[in-house]
Amino acid sequence: MTEQWGIAELAAEFGVTTRTIRFYEDKGLISPERRGQRRVYHPRDKVRLQLIMRGKRLGFSLDEIQAMIDLYDADPSEVSQLQLFLDKLRQRKAQLLGQRDDIEMALDEIDRREKQCENLLNDKQSEPRQPKAGQQASG
DNA sequence: ATTCTTACA
DNA sequence: TGTAAGCA
């Protein structure tokens, strides 16, 4: 059958371990068929895995991904699904933009401190024994 | 050989 | 998520 697979096949296809797939199931993101103890995955499970991987790439939490998947599963029109996704995308974008600003500010300050340290070091190397006036008696 | 559950890192 | 134990 080309419409149902074992956990090993699915793991290989998505480039994850079987542990990861079971982990997502534990979190409620997927619910494969059960034949006795064995898990049997269908096309809809692949779709979910695809959604999970995409969400992970974009930096969404498993909880957020689950929320989106639940809608994908519930609303056939896919409207609410797209609406939530769009909302999440905007939130994520804003978050990333904010982080980028923080990183740029940190890098700018690092540049300033770096130069400051270099100058201080050069000064100390130029005039070895003349730090401050009032304590150069030790000699 | 593989998968499954459970538990710990 | 990785790793490992003990089953089926």
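Reckoned from all heavy atoms, side chains included, excluding hydrogens, waters and symmetry mates. In what follows, chains carry the letters A, B, and so on, assigned in the order in which the sequence lines appear, proteins first and then strands, with residues in each chain numbered from 1.
Annotation for A:K27 and A:Q66: closest pair O-NE2, 3.2 Å, computed over non-hydrogen atoms. Across A:L71 and A:S80, no two heavy atoms sit closer than the pair CD2-O, 3.4 Å.
Atom CG in A:L29 sits roughly 11 Å away from atom P in C:dT1 (whole-Å rounding).
For the pair A:L10 and A:K46, the minimum side-chain heavy-atom distance is below 4.5 Å. The side-chain heavy atoms of A:K93 and A:L96, taken from C-beta on, include no pair separated by under 4.5 Å.
Secondary-structure stems of DNA chain C, taken as three or more successive Watson-Crick or G-U wobble pairs (i with j, i+1 with j-1) under a 3.5 Å distance threshold, comprise B:4-9 with C:1-6.
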> Which letter, B, S or -, goes with each nucleotide of nucleotides 3-9 of chain B from 5' to 3', with contact meaning a protein heavy atom under 4.0 Å?
Replying inline: BSB-B--
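Within 6.0 Å of CZ on A:R100 lie no more than 12 heavy atoms contributed by other residues, nucleotides or ligands.
With respect to A:E64 and A:R92, no salt bridge is recorded, no charged nitrogen being found less than 4.0 Å from a carboxylate O.
Both A:F14 and A:I69 are assigned to one and the same hydrophobic cluster, defined by single-linkage of ILVMFWY side chains at heavy-atom distances under 4.5 Å.
Counted by atom type alone, A:D87 and A:Q91 present one or more donor-acceptor pairs between their side chains at under 3.5 Å.
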